[in-house]
Amino acid sequence: MKSIVLFASGSGSNVENIVHYFQNKTNVTITCVLTNKRDAKVIDRCNRLNISALYFNKNAFTKTDAVLKVLESFDPDLIVLAGFLWKIPENIIKTFPRKIINIHPALLPKYGGKGMYGDNVHTAVKENKETETGITIHYVNENYDEGAIIQQEKVEVYSKDTSEEIAKKVHNLEYEYFPKVIEKLLLTQ
Ligand code: GRF
C-alpha cells in the first residue's frame with residue numbers, strides 16, 4: 001500500500017478530485033491533508049470526505065521541525081502540493097528528495113515564480129495574448145517552480161477567452177491528469 005500526504009492552501013478542488021480518484025483503489029491511501037490556512041475551504045471538503053486535515057502556522061513550518069516531524073511520522077511515498085502557496089523549507093526538501101511534487105497552472109518556465117499563482121497566472125496569459133497554456137507537474141526544490149518537470153499538458157487559448165475561461169480550461173486539465181500522474185509515480189517508484 002502506497003500513501004500520500006497533500007498540502008493545500010485554498011479551495012482544494014484538486015484535493016477533492018484526487019480523493020475521489022483514489023477512493024476505490026486499494027493500493028493507494030491518502031493519509032492526511034496539511035493546510036496553512038485555518039479557514040481554507042479545503043478543510044470543509046476534508047470534513048465532508050472523511051479525510052484528516054491538519055493546520056499549521058508559519059512559525060511551525062519555517063522555524064521549527066514540527067511539520068517535518070509530522071511528515072516523518074506519516075512516512076509518505078509522495079507529498080503532493082495541490083494549490084499550496086508557501087515555499088517548502090529546506091529541512092523538508094532535504095528529508096524527502098524527489099518525493100515532493102507540485103502542480104502549476106501554466107506551462108513552466110513561463111508564468112512561474114513568486115506571485116505567479118491563481119488568477120495572476122491566467123490574467124498574464126491573456127494579457128500576453130498567448131495562444132496556448134496548460135499545466136506543469138514538477139518536482140519541488142528550493143526555488144519556486146524550478147524543479148524537474150514530470151509532465152506538461154496543453155490547451156488552446158482563444159483571443160475571446162476571459163481569464164475565468166482560461167482558468168476553467170486549466171482546471172479541467174488538472175482534474176484529468178494530476179491524479180493519473182500521482183498514481184504513475186507511486187506505482188513506478
Ligand atoms: C490550481 O490551479 C493549481 O494548479 C494551483 O493552485 C490551484 C489550486 O486550486 N497550484 P484548488 O484549490 O485545487 O481548487
Side-chain angles (χ1 to χ4, degrees), residues 4-23 30 32-49 51-56 61 78-88 92-93 99-127 130 132-157 161-185:
I4 61 180
V5 168
L6 295 155
F7 277 74
S9 303
S11 158
S13 68
N14 275 282
V15 165
E16 178 152 3
N17 181 55
I18 292 164
V19 169
H20 285 312
Y21 183 86
F22 289 112
Q23 219 158 33
I30 292 156
C32 186
V33 175
L34 294 177
T35 184
N36 62 324
K37 266 195 90 189
R38 207 189 286 276
D39 57 352
K41 230 174 112 185
V42 70
I43 297 178
D44 300 331
R45 293 190 199 257
C46 288
N47 286 335
R48 189 160 35 79
L49 295 162
I51 298 280
S52 304
L54 288 178
Y55 161 80
F56 57 87
F61 195 47
L78 205 59
I79 295 169
V80 177
L81 313 185
F84 181 67
L85 294 181
W86 286 349
K87 196 170 161 181
I88 303 295
I92 295 179
I93 304 250
K99 277 198 176 173
I100 311 175
I101 65 168
N102 180 44
I103 188 161
H104 187 78
L107 296 170
L108 291 175
K110 282 183 163 185
Y111 307 105
K114 208 167 179 190
M116 272 296 156
Y117 60 87
D119 282 343
N120 298 350
V121 175
H122 309 304
T123 306
V125 164
K126 177 156 181 69
E127 276 171 5
E130 296 285 356
E132 62 177 19
T133 186
I135 57 166
T136 304
I137 297 166
H138 64 94
Y139 287 106
V140 173
N141 67 11
E142 291 82 353
N143 300 317
Y144 275 110
D145 302 330
E146 284 180 17
I149 291 174
I150 300 163
Q151 192 163 324
Q152 291 189 305
E153 296 296 335
K154 293 177 184 172
V155 64
E156 272 185 284
V157 176
D161 287 347
T162 62
S163 62
E164 289 80 16
E165 282 163 342
I166 298 172
K168 197 161 175 229
K169 288 182 179 183
V170 170
H171 258 121
N172 286 338
L173 284 182
E174 295 180 337
Y175 301 150
E176 181 174 356
Y177 290 100
F178 204 17
K180 289 184 190 152
V181 170
I182 293 167
E183 185 173 40
K184 196 163 128 203
L185 288 173

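All values derive from a computational prediction rather than experimental measurement. All ligand and atom numbering here is 1-based and tracks the order in the structure.
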Next on the checklist: Set out, in order, the CA-CA distance, both residues' side-chain angles and the distance that settles side chain to side chain contact (heavy atoms under 4.5 Å, CB included) for E153 and Q151, then state yes or no.
Outcome noted: CA-CA 7 Å; E153 296 296 335; Q151 192 163 324; 2.8 Å; yes

Next on the checklist: Walk me through whether Y21 and Y177 qualify under ring pair (Phe, Tyr, Trp, His ring centres under 6.0 Å).
Outcome noted: CA-CA 11 Å; Y21 183 86; Y177 290 100; over 10 Å; no

Item to check | Step-by-step salt bridge (charged side-chain N to carboxylate O under 4.0 Å, His left out) determination, E142 to K87 | outcome: CA-CA 8 Å; E142 291 82 353; K87 196 170 161 181; over 6 Å; no

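For the residues H122, H171, K41, H104, the heavy atom positioned nearest atom 9 (O) of ligand 1 is part of H171.
Annotation for ligand 1: atoms under 4.0 Å from non-hydrogen atoms of E174 are 1 (C), 2 (O), 3 (C), 4 (O). Against a heavy-atom cut-off of under 4.0 Å, S11 is close to the following atoms of ligand 1: 12 (O), 14 (O).
If you check which protein heavy atom lies closest to atom 10 (N) of ligand 1, you get I103 O, 2.9 Å. From the protein, the heavy atom lying nearest to atom 8 (C) of ligand 1 is G83 CA, 3.7 Å.
Residue contacts with ligand 1: S13 is placed with a nitrogen or oxygen under 3.5 Å of a nitrogen or oxygen of the ligand (distance criterion only). The shortest N or O to N or O distance between Y175 and ligand 1 is not below 3.5 Å. For a threshold of 3.5 Å applied to N or O pairs, the pair formed by A82 and ligand 1 contains no separation below that value.
With hydrogens and angles left out, the side-chain atoms of S13 and Y175 include a donor and acceptor closer than 3.5 Å. With no hydrogens or angles considered, a side-chain donor-acceptor pair links S11 and R45 at under 3.5 Å.
Every residue was checked against the ring pair (Phe, Tyr, Trp, His ring centres under 6.0 Å) condition with Y55, not counting sequence neighbours, and none meets it.
Put simply, part of G12 is less than 4.0 Å from ligand 1, judged by heavy atoms.
Ring pair F7/F56 is perpendicular by interplanar angle, where above 60° counts as perpendicular and below 30° as parallel.
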